[in-house]
> 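Dropping the structure in here first, questions after.
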Amino acid sequence: MNRLTDISYVKSVLSKHGFTFSKALGQNFLINPNVCPKMAEECGCGADVGVIEIGPGAGVLTNALADVAYKVVAIELDKRLISVLEETLSEHNNVKIINGDVMKLDIGKIIREEFEGGEAVVCANLPYYITSPVIMKFLEERLPINSLTVMVQKEAADRICAVPGTRESGAISAAVNYYSKPEILFRVSKGSFLPAPKVDSAVIKLNILKEPSVGVGDEKMFFKIVKAAFSQRRKTLANSLSSGLSISKSEVTQILERVGINQTARAEEMTMENFAAISDEFLN
Ligand code: SAM
């Protein structure tokens, strides 16, 4: 039994260390006893696969991960939590805590040094204010990891995992689908956290692809097109591309015509193959 899911134990350790929750750092700690073992089991860590956790908080998920993985490397920004973690994780000798900002650290170097070329995954209950930047950092830097299993707000989960070409899709779904195969694992109610946030959450898993899901002539151009396409959701794709890329509407219209896309189409109707075709046509 993970005593960190016992609210009175967590509260007593936190108050002993004079800790108060910071909303700005997205501190909503898990208190539902069923969630962490499930995340640890589904993230793919194990006897030969290490795990990186972002934002261990009081250590509830870290504890569950340390039960399954041979090694856990947990990155926590809030200095006040380091002494808390030293106390709550004292029974584990396979956990390394790094005090730092996940957005500023050289994660590639950490992976090389801590896992020595072995396999690794990411598992985290992400601070909601940097959900997309963290995910994009891990994907864009092409870090040597098998997957990212992360808790995010439910709406973010739906957006991130949306299939490009469907109504919920956006720039983030296209980017995530380029580098990985995303899936929603399970929903988690807001009552599972202390303090309780305003909305429910979901755990998603991004299975990293060996090769991007579509071949493109120039990755930078591909992401430029995706970003411009979704910059003004109410407009047609042609209008968004024209204003987003600062080129004439007639030029955009000709390009779309050449790749067989209707002038009235919207960005959310575009599949990954459509975006790849548009981006390659822009290179000609
Ligand atoms: N893992 C714990 C749990 O599930 O109970 C805490 C999760 S809480 C949603 C997010 C954690 O991320 C907090 O501990 C917060 O201090 C930490 N955090 C926020 N911004 C961070 C950053 N830029 N780098 C590393 N950790 C960060």
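Hydrogens, waters and symmetry mates are skipped; everything else that's a heavy atom, side chains included, is used. Quick note: residue numbers are just sequence positions, from 1. We count ligands from 1, going down the list as the structure has it; atoms in each ligand are counted the same way.
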> Among all protein heavy atoms in this structure, tell me which lies nearest to atom 4 (O) of ligand 1, with the distance rounded to 0.1 Å.
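For atom 4 (O) of ligand 1, the nearest protein heavy atom comes out as Asn125 ND2, 2.9 Å.
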> Would you say the side chains of Glu219 and Tyr178 form a donor-acceptor pair under 3.5 Å?
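Yes, a side-chain donor-acceptor pair sits under 3.5 Å.
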> Report the nearest protein non-hydrogen atom to atom 20 (N) of ligand 1: residue, atom name, distance rounded to 0.1 Å.
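Going by distance alone, atom 20 (N) of ligand 1 is nearest to Tyr129 OH, 2.8 Å.
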> Please report the C-alpha distance between Val35 and Phe186 in whole Å, then the side-chain angles of each, then the deciding distance to 0.1 Å, and finally whether the side chain to side chain contact (heavy atoms under 4.5 Å, CB included) criterion is met.
CA-CA 9 Å; Val35 176; Phe186 54 91; 4.2 Å; yes
> Taking only Lys NZ, Arg NE, NH1 and NH2, and the carboxylate oxygens of Asp or Glu, determine whether Glu269 and Arg167 approach each other closer than 4.0 Å.
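Judged by the 4.0 Å cut-off on N to carboxylate O distance, Glu269 and Arg167 do not form a salt bridge.
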> Under 4.0 Å from any heavy atom of Leu25, which atoms of ligand 1 are there?
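Counting atoms of ligand 1 from 1, those under 4.0 Å from Leu25 are 15 (C), 19 (C).
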> Do side-chain atoms of Arg3 reach the backbone of Tyr9 as a donor and acceptor pair under 3.5 angstrom?
no
> Can you figure out which of Met151, Lys79, Glu76, Lys104 has its heavy atom closest to atom 17 (C) of ligand 1?
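Going through Met151, Lys79, Glu76, Lys104 one by one, Glu76 has the nearest heavy atom to atom 17 (C) of ligand 1.
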> Kindly indicate whether the side chain of Phe230, heavy atoms from C-beta on, has any atom under 4.5 Å from the side chain of Ile172.
no
> Applying a 4.0 Å heavy-atom criterion (strictly less than), which segment of Ile130 is in contact with ligand 1: side chain, backbone, both, or neither?
side chain
> Just heavy atoms, cut-off under 4.0 Å: does Val60 contact ligand 1 by side chain, backbone, both, or neither?
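The answer is the side chain of Val60.
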> For a quick check under 3.5 Å, do Asn239 and Ser242 share a side-chain donor-acceptor pair by atom type?
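Short answer, no.
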> At a 4.0 Å threshold, what atoms of ligand 1 neighbour a non-hydrogen atom of Glu53?
1 (N)
> Can a donor-acceptor pair be found between the side chains of Glu119 and Asn146 at a distance below 3.5 Å?
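Checked: Glu119/Asn146 side chains pair up, N/O donor to acceptor below 3.5 Å.
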> Using non-hydrogen atoms of the residue, decide whether Gly100 is closer than 4.0 angstrom to ligand 1.
yes
> Purely on distance, is any nitrogen or oxygen of Leu81 under 3.5 Å from one on ligand 1?
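Between Leu81 and ligand 1, no N or O pair is found under 3.5 Å apart.
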> Which residue and non-hydrogen atom of the protein lie closest to atom 27 (C) of ligand 1, and at what distance in Å?
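Nearest neighbour among protein heavy atoms for atom 27 (C) of ligand 1, to 0.1 Å: Leu77 CB, 3.7 Å.
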> Keeping Thr236 on the side-chain end and Thr264 on the backbone end, is there a donor-acceptor pair under 3.5 Å?
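Absent.
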> Tell me the nearest of Ala58, Pro56, Gly57, Gly26 to atom 8 (S) of ligand 1, using heavy-atom distances.
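The nearest heavy atom belongs to Gly26.
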> Do Tyr70 and Asp48 make a side-chain contact, defined as non-hydrogen atoms from C-beta onward lying under 4.5 Å apart?
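SC-SC contact between Tyr70 and Asp48 ruled out.
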> If we ignore angles and hydrogens, is there a donor and acceptor under 3.5 Å between the side chains of Ser240 and Gln232?
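Gln232 and Ser240 do not have a side-chain donor-acceptor pair below 3.5 Å.
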> To which protein heavy atom is atom 23 (N) of ligand 1 closest, and what is the distance rounded to 0.1 Å?
Asp101 OD1, 2.9 Å
> Short N/O distance, under 3.5 Å, between Asp78 and ligand 1?
no
> Is the shortest distance from a Lys or Arg side-chain nitrogen in Glu114 or Lys96 to a carboxylate oxygen in the other one below 4.0 Å?
yes
> Starting from atom 5 (O) of ligand 1, find the nearest protein heavy-atom neighbour and note its residue, name and distance.
Leu30 N, 2.8 Å
> Check for me whether Phe193 has a heavy atom closer than 4.0 Å to any atom of ligand 1.
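Under 4.0 Å: no for Phe193.
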> Which ligand 1 atoms does Gln27 reach within 4.0 Å, using its non-hydrogen atoms?
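Reading through ligand 1 atom by atom, the close ones are 13 (C), 15 (C), 16 (O).
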> Which protein non-hydrogen atom lies closest to atom 18 (N) of ligand 1, naming both residue and atom, and how far is it?
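So the nearest neighbour among protein heavy atoms is Pro127 CG, 3.8 Å.
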> Which atoms of ligand 1 are found less than 4.0 Å from any heavy atom of Ile75?
25 (C), 26 (N)
> Students should be able to answer this: which protein heavy-atom is nearest to atom 6 (C) of ligand 1, and at what distance?
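Residue, atom and distance for the closest contact: Gly55 O, 3.4 Å.
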> Measuring from Asp218:CG to Phe223:CZ, what's the distance to the nearest 0.5 Å?
11.0 Å
> So that I can tick it off, tell me whether Lys137 and Asp106 are bridged by a salt bridge, with the cut-off set at under 4.0 angstrom between side-chain N and carboxylate O.
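No, no charged N to carboxylate O under 4.0 Å.
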> Counting both backbone and side chain atoms, is some N or O of Ile54 under 3.5 Å from an N or O of ligand 1?
no
> Please determine if Val102 has a nitrogen or oxygen closer than 3.5 Å to a nitrogen or oxygen of ligand 1.
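By distance alone, the answer is yes.
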